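Note that the coordinates shown come from a computational prediction; the quantities given were computed from them, not determined experimentally. Just follow the structure's listing: the first ligand is 1, and inside any ligand the first atom is 1. Every heavy atom of this structure was used, including side-chain atoms; hydrogens, water molecules and symmetry mates were not.
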Amino acid sequence: MDVLQRALSCPKAELHVHIEGTLEPELAFALAQRNNIDFPHASIEDLRAAYDFSDLQSFLDLYYACADVLRTEQDFSDLMLAYLRRAREDNVIHAEIFFDPQTHTARGIAFETVLKGLEAGAAIAKAEWGMSTRLILCFLRHLSEEDAFAALEDALPFIERIHGFGLDSSERGHPPSKFERVFARCRELGRPVVAHAGEEGPPAYIVEALDLLKVSRIDHGVRAIEDVALTQRLAREQVALTVCPLSNIRLCVFKEMQLHSLPKMITAGLCVTLNSDDPAYFGGYLGNNIRAVQGAFNFDLATWRTLLRNSFTAAFVNPAQKEDWLAQVDAHMLD
Ligand code: HPA
Ligand code: ZN
């Protein structure tokens with residue numbers, strides 16, 4: 001089996017995927033019809049043609065608009081199950097999934113509707129295929145601290161079912177420091193926290209996420225490499241970075257895959273994981289990201305073993321579970 005096939009067929013975890021970003025045009029149209037929504041796109045092809053982004057904000061505008069078709073518990077369950085079914089084809093056995101409750105509560109959808117729906121889809125994937133999932137609640141950073149506290153308040157009755165907290169949406173002009181107090185409260189609740197940083201924003205935002213938010217992982221972090229001291233720190237502390245290669249190309253963070261900072265990050269000894277981010281919008285699920293990376297960089301078997309091991313090392317699960325999964329990676333990736 002060649003290196004690519006070995007990487008594709010290996011059991012793996014996905015740690016950076018937004019459930020709203022897994023909404024395929026086909027499902028969006030089906031849900032619009034089911035919910036009697038006048039969807040502002042003429043056809044599936046018309047919607048797909050709109051997936052031509054110039055930066056993060058141009059994507060987010062469409063991403064939030066499409067989320068409007070998600071109304072009922074059944075919708076969220078269908079969305080979750082469709083993602084997990086597709087992820088399983090890439091041999092994902094564990095997924096830590098972001099959701100954006102503020103996108104939905106702002107439209108009058110109850111937090112409980114969102115959570116119960118997502119959990120119902122995940123329960124089917126667990127029962128049918130043994131897939132493991134975690135839910136990470138993301139605060140929208142373009143909204144205020146007060147709004148984030150209100151979202152946290154909505155989540156409190158269900159805190160046992162929320163496995164972590166994150167920070168996403170428009171990065172530029174919305175530094176992690178804006179949410180220092182919210183994240184302190186999340187940590188007091190005993191939950192790990194993560195944040196998108198250094199995707200479009202400067203390396204200084206990664207430093208803030210580490211020092212002020214005290215994150216366990218950095219989402220994206222591909223601009224870390226611009227700062228030598230930060231890169232050395234990330235390597236020393238082995239902070240995991242959830243890199244999403246196709247996302248970075250589609251949102252013009254890098255012009256083409258050959259120019260991506262991924263090889264430099266790996267050479268610098270950073271704990272890098274590969275992920276799909278918003279696979280319905282960015283041209284591919286985790287397997288496609290792996291194919292695109294291998295097409296550009298032709299990594300050897302040892303590098304792929306490290307990348308795939310990192311996906312489990314950085315996961316929010318207990319040590320015994322981690323060891324079991326790491327042994328599965330080794331059995332698959334070692335001759
Ligand atoms: N960056 C920030 N926010 C997001 C993203 C992203 O790549 N995807 C969905 N929300
Ligand atoms: Zn993301």
Side-chain angles (χ1 to χ4, degrees), residues 13-24 28 50-68 70 79-80 83 87 95-104 106 114 118 134-143 147-148 151 164-176 178-179 193-202 205-206 208-209 213 215-224 240-254 260-262 272-286 288-289 311 314:
E14 173 146 68
L15 304 180
H16 183 162
V17 57
H18 302 260
I19 199 63
E20 295 88 354
T22 70
L23 178 61
E24 292 285 348
Y51 293 179
D52 182 20
F53 310 117
S54 52
D55 59 8
L56 175 57
Q57 192 60 50
S58 63
F59 152 70
L60 289 170
D61 292 343
L62 186 65
Y63 162 88
Y64 293 130
C66 286
D68 185 43
L70 297 161
L79 180 69
M80 178 61 96
Y83 160 67
E96 304 196 349
I97 301 160
F98 295 137
F99 69 113
D100 292 339
Q102 289 161 290
T103 301
H104 312 301
V114 178
L118 296 177
R134 297 281 183 273
L135 285 174
I136 300 179
L137 186 165
C138 277
F139 300 107
L140 299 181
R141 70 201 304 157
H142 67 276
L143 301 179
D147 287 339
F165 292 91
L167 185 65
D168 66 3
S169 194
S170 322
E171 187 180 10
R172 284 200 200 108
H174 301 285
K178 184 173 160 186
F179 297 95
V193 297
V194 298
H196 285 55
E199 177 186 16
E200 284 189 342
Y205 283 18
I206 301 177
E208 279 195 9
L213 305 189
V215 295
S216 304
R217 302 192 299 240
I218 295 285
D219 295 312
H220 293 292
V222 295
R223 291 193 57 195
L241 299 135
T242 62
V243 172
C244 307
L246 285 174
S247 164
N248 296 147
I249 304 310
R250 294 299 281 264
L251 300 186
C252 307
V253 174
F254 302 100
H260 198 289
S261 58
L262 176 65
V272 174
T273 71
L274 295 183
N275 307 272
S276 69
D277 207 4
D278 301 283
Y281 292 89
F282 297 153
Y285 290 77
L286 188 46
N288 278 349
N289 276 271
S311 74

Element-labelled atoms of ligand 1 that are located less than 4.0 Å from some non-hydrogen atom of [X]:
X: H196; value: 1 (N), 2 (C), 6 (C)
X: F59; value: 8 (N), 9 (C)
X: L60; value: 4 (C), 10 (N)

Counting both backbone and side chain atoms, is some N or O of [X] under 3.5 Å from an N or O of ligand 1?
X: S247; answer: no
X: D100; answer: no
X: D278; answer: yes
X: H220; answer: yes

Considering non-hydrogen atoms of the protein only, which is the closest contact for [atom], and what is the distance?
atom: atom 1 (N) of ligand 1; result: E199 OE1, 2.8 Å
atom: atom 10 (N) of ligand 1; result: H18 CE1, 3.5 Å
atom: atom 7 (O) of ligand 1; result: D277 OD2, 2.8 Å
atom: atom 3 (N) of ligand 1; result: S169 N, 2.8 Å

Minimum-distance atom from the Zn ion (ligand 2) among N, O or S atoms of H196: NE2
Name of the H16 atom (N/O/S only) found closest to the Zn ion (ligand 2): NE2
We want to know whether [X] and [Y] form a side-chain donor-acceptor pair, criterion being a heavy-atom distance below 3.5 angstrom.
X: Y285; Y: T22; result: no
X: H16; Y: D277; result: yes
X: H174; Y: H196; result: no
X: E14; Y: S276; result: yes

Using only atom types and a distance under 3.5 Å, with no angle test, would you say the side chain of [X] pairs donor to acceptor with the backbone of [Y]?
X: H18; Y: E20; answer: no
X: D55; Y: S58; answer: yes
X: D100; Y: F98; answer: no
X: E199; Y: G221; answer: no
X: E200; Y: L56; answer: yes

SB check E208 K178 (cutoff 4.0 Å):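 Judged by the 4.0 Å cut-off on N to carboxylate O distance, E208 and K178 do not form a salt bridge.
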Steps toward side-chain hydrogen bond (donor to acceptor under 3.5 Å, both in side chains) verdict (T242, N275): CA-CA 6 Å; T242 62; N275 307 272; 4.6 Å; no
Non-hydrogen atom of Y63 closer than 4.0 Å to ligand 1: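 Under 4.0 Å: yes for Y63.
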Location of contacts on F98 toward ligand 1, heavy atoms closer than 4.0 Å: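 It is neither part, as no heavy atom is under 4.0 Å.
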Metal check, the Zn ion (ligand 2) vs C244 N/O/S, cut-off below 2.8 Å: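 Of the N, O and S atoms in C244, none lies under 2.8 Å from the Zn ion (ligand 2), which means no.
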Short N/O/S contact of D277 with the Zn ion (ligand 2) (below 2.8 Å):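 Yes, within the cut-off.
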